[in-house]
Protein chains: 2
Amino acid sequence: MRKRARKNCTRVHKTNYWLLRAGFYPWLSAKIGAMNDDQTIDPGVVIADDVAEAAGVSRWTVGRAFRKDAPISAKTRKRVLAAAAQLGYVPDLAAAGLASDRSGLIALLVNDFANPHTLVVLERLSLILQNEGWGSLLVPMRDESGAPDALLTASQRRVDAAVLNGTWFDDQIIKTALGARRVKKLIVFARTSENPNTISISCDDVGALRDIVAFAFEKGYRRPLFVAGPDSHSATVRRKDTFLQEWHRRSGAHAPFIHVEQYNIGLAHARVLAALTGPYQDRRPDILICENDALAIGAIDAIRYGLGLSVPGDIGVIGYDDMPLAALPCYNLTTWHQPITDMANALVEVLRQTSEPSRDQLFPGRFIQRGSA
Amino acid sequence: MRKRARKNCTRVHKTNYWLLRAGFYPWLSAKIGAMNDDQTIDPGVVIADDVAEAAGVSRWTVGRAFRKDAPISAKTRKRVLAAAAQLGYVPDLAAAGLASDRSGLIALLVNDFANPHTLVVLERLSLILQNEGWGSLLVPMRDESGAPDALLTASQRRVDAAVLNGTWFDDQIIKTALGARRVKKLIVFARTSENPNTISISCDDVGALRDIVAFAFEKGYRRPLFVAGPDSHSATVRRKDTFLQEWHRRSGAHAPFIHVEQYNIGLAHARVLAALTGPYQDRRPDILICENDALAIGAIDAIRYGLGLSVPGDIGVIGYDDMPLAALPCYNLTTWHQPITDMANALVEVLRQTSEPSRDQLFPGRFIQRGSA
DNA sequence: TTGTACGCGTTATCAT
DNA sequence: ATGATAACGCGTACAA
């Protein structure tokens with residue numbers, strides 16, 4: 001009964017939209033310039049048919065004029081674009097997505113709104129996606145149980161890919177994502193993932209923690225405490241394990257660690273304070289190695305305002321991320337810089353590719369020595 | 001030639017999607033639970049026709065079953081939903097948007113990524129929109145010239161509304177937005193706008209600054225300096241002008257002010273330091289009233305680490321926003337709390353309405369006294 | 001309450 | 001290089 005010509009669409013789409021920047025649509029600015037304050041431009045939408053009629057070509061030729069690498073003569077294209085400019089035509093991406101199975105939408109799944117670093121990631125990703133002609137669907141996840149909702153949203157909007165920006169994605173969430181309908185690609189950003197069906201783009205945190213351990217050891221620190229994020233997630237384990245191994249290799253001793261349930265500055269404050277006034281009261285660490293900057297900032301606050309001690313005088317602190325907050329003189333955090341822009345560029349490259357890319361792309365970061373250690 | 005039955009669609013849409021939460025789609029969880037790690041669910045997409053066939057009804061009845069207030073018998077709906085559940089059907093919102101002229105997408109236009117408060121706004125808005133069945137299109141604007149690009153993106157995606165979250169939107173940008181095709185509603189969030197074609201949802205900053213002035217004056221401060229954001233934008237003027245008026249009314253004196261070109265912590269640091277070591281060296285203020293928290297944080301850093309003075313001992317600082325950073329013990333900023341959640345709820349209400357809402361909704365905030373003044 | 005014709009604006013595919 | 005046919009998946013209006 002039901003007819004469906006295009007099943008299992010695995011065609012390669014080589015024709016991408018171009019001319020997607022407003023700079024290429026001078027008629028927009030012209031119209032706006034001529035407007036009065038209380039005046040709205042006639043919202044009567046111009047469609048490809050109108051342009052076709054005006055240019056004396058068919059609707060399909062209009063579409064070709066707006067796509068790269070389309071078989072169309074330069075002369076015809078010029079005429080079509082001129083007609084489009086005069087009428088104020090802009091292609092409708094929603095309709096294009098419906099027809100082509102490529103929505104041009106990328107879902108950014110975010111659960112880590114308490115971490116200021118998230119804002120940096122959102123800025124970089126959305127800007128670079130916009131430059132490349134993609135739209136960003138911001139999909140928040142309140143907590144772990146919010147993941148199915150988020151992925152449902154993404155799949156209902158036919159996104160071309162979903163990017164996991166969170167920190168506590170566990171394997172169950174990734175399985176949910178892969179199971180969601182119409183989510184074609186799943187990319188784990190700024191985290192590693194062991195799942196073979198994902199593509200992860202992240203900073204080389206193994207190398208990073210080796211460098212961090214080297215720095216701390218050579219600076220003479222001997223009583224470290226590792227401050228890790230939520231337990232039970234494979235992503236966390238990597239930095240922690242690398243640290244523990246490296247420290248043992250260098251010092252012969254086993255370093256202790258604590259876990260904080262969320263990457264939340266206030267919570268880190270509380271947990272670090274509890275640790276230093278409780279189990280670690282009599283064996284106070286001389287350096288806190290933190291899994292990321294949010295934990296490190298909380299740790300500094302705990303040391304200074306909870307214990308009345310000094311950083312780095314009494315206890316040093318090292319973070320990871322180099323978020324803007326880390327550079328403020330109040331914290332002046334020694335940390336590890338992730339090359340977010342490079343990683344975002346790599347993400348775009350992965351999105352462009354139709355073939356299976358190599359998984360687990362690692363990018364080197366760099367150590368940022370400031371005043372906290 | 002061209003036929004268009006539905007011109008100027010001003011119909012009232014009373015039927016909204018329901019059952020949009022994943023909790024209502026138990027088959028998703030079931031399928032996922034049964035999966036192996038390296039297995040992907042058959043992405044063969046189930047459409048309404050399939051469900052119709054399985055339930056023995058027409059395709060249109062399937063659509064009705066998924067909408068509220070649709071004329072359908074409870075029995076039929078139950079049968080349809082059962083069939084949908086078995087097949088794993090989920091409505092396609094992209095196609096629905098194309099057909100109905102309501103995409104269910106809201107564009108969040110953001111230009112203020114240097115301000116940590118933006119993350120709070122994004123979290124609240126995207127969560128509440130998701131709960132109500134809307135999707136959030138995150139549209140970044142690098143600078144003022146990026147506004148046309150951003151609005152083009154929004155209009156090409158047929159958003160139902162565009163929400164301006166930025167801080168330096170001037171009237172030209174708003175005109176651009178209103179001129180953009182297919183952007184039906186324009187809402188200015190957390191800022192006021194004088195433009196009669198917009199709806200602004202904001203905190204009552206006139207009342208807020210009255211309270212702030214009252215506090216500062218009664219605390220005995222007598223030499224204020226107002227630290228404002230970018231000049232030339234009407235949004236900025238309101239807090240500044242209110243402050244200046246109120247201070248004059250109370251003290252009989254005219255208070256001075258400076259401008260910072262962006263709401264950026266580092267830049268505020270530099271500008272405040274320059275002011276205090278330059279023009280204001282010999283008439284040092286005893287209190288800095290800042291237009292928002294980002295400026296206030298920069299001011300505190302400048303006072304403490306640039307001048308070596310103490311806050312609040314030598315100079316007090318008051319902010320506005322109550323962003324999470326303000327509560328950290330390092331800054332402990334006295335500020336004004338904006339009721340973002342209430343404002344987000346009001347936004348949803350405006351989005352729901354088809355009639356013209358009253359413009360300029362104001363919400364009361366509250367003074368948060370901490371240690372910086 | 002249910003079914004049908006038509007349209008939404010575009011693209012894939014094929015024929016010319 | 002261009003035009004034509006047939007989707008894409010669903011909603012609206014109206015008839016039954």
Side-chain angles (χ1 to χ4, degrees), chain A residues 2-17 45-53 55-67 69-77 79-80 89-104 155-158 181-182, chain B residues 2-7 9-17 45-52 55-67 69-77 79-80 89-104 155-158 181-182:
Chain A
R2 158 186 162 204
K3 43 187 172 172
R4 191 107 60 83
R6 288 186 267 163
K7 268 199 173 178
N8 296 329
C9 294
T10 48
R11 289 157 303 172
V12 179
H13 298 275
K14 288 208 172 173
T15 57
N16 284 318
Y17 260 96
V45 175
V46 181
I47 65 176
D49 285 310
D50 303 321
V51 179
E53 197 177 354
V57 298
S58 71
R59 175 156 50 91
W60 299 273
T61 303
V62 174
R64 276 190 275 262
F66 278 88
R67 263 167 294 158
D69 307 327
I72 185 173
S73 73
K75 212 172 91 185
T76 310
R77 169 171 279 158
R79 198 170 70 237
V80 169
Y89 168 74
V90 168
D92 183 323
L93 297 182
L98 184 59
S100 72
D101 253 27
R102 300 187 320 122
S103 63
S155 76
Q156 286 198 293
R157 301 263 173 208
R158 315 178 138 227
R181 296 163 59 254
R182 300 196 190 105
Chain B
R2 160 187 162 204
K3 43 189 172 171
R4 193 104 62 78
R6 287 186 268 160
K7 268 200 175 179
C9 295
T10 48
R11 289 157 304 175
V12 179
H13 298 274
K14 286 208 171 172
T15 56
N16 286 315
Y17 262 95
V45 175
V46 181
I47 64 178
D49 285 312
D50 304 322
V51 179
V57 297
S58 70
R59 176 165 64 78
W60 296 269
T61 302
V62 174
R64 278 190 272 264
F66 277 88
R67 263 168 294 157
D69 308 327
I72 186 174
S73 72
K75 213 171 93 185
T76 310
R77 167 171 279 156
R79 197 169 72 238
V80 169
Y89 168 74
V90 168
D92 183 323
L93 296 184
L98 187 59
S100 71
D101 253 27
R102 299 188 321 120
S103 63
S155 76
Q156 286 198 295
R157 302 263 173 209
R158 312 180 141 225
R181 295 162 60 254
R182 300 195 192 106

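The figures that follow rest on heavy atoms only: side chains count, while hydrogens, waters and symmetry mates do not. Chain A is the first sequence line, chain B the second, and so forth, proteins listed ahead of strands; every chain is numbered from 1.
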Which heavy atom of [X] sits nearest to which heavy atom of [Y], and what is that distance?
{"X": "Y89(B)", "Y": "I47(B)", "value": "CE1-C, 3.5 Å"}
{"X": "V80(B)", "Y": "V51(B)", "value": "O-CG1, 3.8 Å"}
{"X": "L98(B)", "Y": "A95(A)", "value": "CD1-CB, 3.7 Å"}
{"X": "R64(A)", "Y": "R77(A)", "value": "O-NH2, 3.3 Å"}
{"X": "D92(B)", "Y": "Q156(A)", "value": "OD1-O, 3.8 Å"}

Of the listed nucleotides ([options]), which one gets closest to any side-chain atom of [X]?
{"X": "A99(A)", "options": "dG11(D), dT10(C), dG3(D)", "result": "dT10(C)"}
{"X": "A96(A)", "options": "dT10(C), dG9(C), dG11(D)", "result": "dT10(C)"}
{"X": "L98(B)", "options": "dA1(D), dT1(C), dG9(D)", "result": "dG9(D)"}
{"X": "S58(B)", "options": "dT4(C), dG9(C), dC10(D)", "result": "dT4(C)"}

Is there a donor on the side chain of [X] or the base of [N] sitting less than 3.5 Å from an acceptor on the other?
{"X": "R64(B)", "N": "dG11(D)", "answer": "no"}
{"X": "W60(A)", "N": "dT5(D)", "answer": "yes"}
{"X": "R59(A)", "N": "dT10(C)", "answer": "yes"}

Please list, chain by chain and in numerical order, all residues satisfying side chain to side chain donor-acceptor pair (under 3.5 Å) with R59(A), sequence neighbours excluded.
-> D49(A)

What integer distance in Å separates [X]:[atom1] from [N]:[atom2]?
{"X": "R79(B)", "N": "dT2(C)", "atom1": "CZ", "atom2": "P", "value": "8 Å"}
{"X": "K75(A)", "N": "dA1(D)", "atom1": "NZ", "atom2": "P", "value": "13 Å"}
{"X": "L93(A)", "N": "dG9(C)", "atom1": "CG", "atom2": "C1'", "value": "11 Å"}
{"X": "Y89(A)", "N": "dT10(C)", "atom1": "OH", "atom2": "C1'", "value": "7 Å"}
{"X": "R158(B)", "N": "dG11(D)", "atom1": "CZ", "atom2": "P", "value": "14 Å"}
{"X": "R157(A)", "N": "dG9(D)", "atom1": "CZ", "atom2": "C1'", "value": "14 Å"}
{"X": "Q156(A)", "N": "dG9(D)", "atom1": "CD", "atom2": "P", "value": "14 Å"}
{"X": "F66(B)", "N": "dG9(D)", "atom1": "CZ", "atom2": "P", "value": "16 Å"}

Of A95(B) and G56(B), whose nearest nucleotide on DNA chain C comes first from the 5' end?
-> G56(B)

Under 4.0 angstrom between [X] side-chain N/O and [N] OP1 or OP2:
{"X": "S73(B)", "N": "dT2(C)", "result": "yes"}
{"X": "T76(B)", "N": "dT2(C)", "result": "yes"}
{"X": "T61(A)", "N": "dA1(D)", "result": "no"}

For the helix from dT1(C)-dA16(D) to dT16(C)-dA1(D), figure out the bend between the end axes, five pairs an end, and round to 10 degrees.
-> 30°

Rounded to the nearest 0.5 Å, what's the gap from CD1 on I72(A) to CZ on F66(A)? Could you check?
-> 10.0 Å

Euclidean distance, S103(B) OG relative to R157(A) CZ, rounded to 0.5 Å = 6.5 Å

